[in-house]
Amino acid sequence: MAERTLTQTALKHFRTLLDERRAETLVHLAALEDDLGVARQARAEGSADDEHDPDGPTMSQAWSQLSGQIVDVNAEIIGIDAAIDRIERGTFGVCVNCGNQIAKARLEARPAAEYCIDCARKQR
Ligand SMILES: [Zn+2]
């Protein structure tokens, strides 16, 4: 079921999707960085939480969780930027591994997808 390369209309559609997703992701990142700022301040002030609630999540656990989320969100933005770049270079929707067309349904769900479903499965 070889699909034709994407039409200009489809490319415009995915460009819009990517721009929207990028904007949402930036908002998400800003919120995470705010939270991290709060955690950083609490840590700088010497958090008493760690001693009072040894079974609860500690400040440093919250800290590393937030840092991990920020890394993920940053990676997502890089992925979105790369996809926008592929639109501009005319290689959007082509699997970077095997060169096959990525299914449109997959791009609808994950417009920043680099791999076709088969290659994505092999990556894991
Ligand atoms: Zn592939």
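In listed order, ligands and their atoms are each counted from 1. Because only heavy atoms are used, hydrogens play no part in the values below, and waters and symmetry mates are left out as well, while side chains stay in.
In this structure, the separation between NE2 on H13 and OG1 on T7 is 10.0 Å, given to the nearest 0.5 Å. For the atom pair CG (L107) and CZ (F14), the distance works out to 4.5 Å, reported to the nearest 0.5 Å. I117 CD1 to N100 CG: the interatomic distance, rounded to the nearest 0.5 Å, is 13.0 Å. The distance from atom CZ of R22 to atom CD1 of I77, rounded to the nearest 0.5 Å, is 6.5 Å.
For the side-chain hydrogen bond (donor to acceptor under 3.5 Å, both in side chains) condition, no pair includes a residue of residues 26-35, sequence neighbours left out.
Counting only protein atoms, the N, O or S atoms lying less than 2.8 Å from the Zn ion (ligand 1) are C95 SG, C98 SG, C116 SG, C119 SG, ordered by chain and residue number.
The existence of a salt bridge linking K122 and D118 is excluded, since no basic side-chain nitrogen approaches an acidic carboxylate oxygen closer than 4.0 Å.
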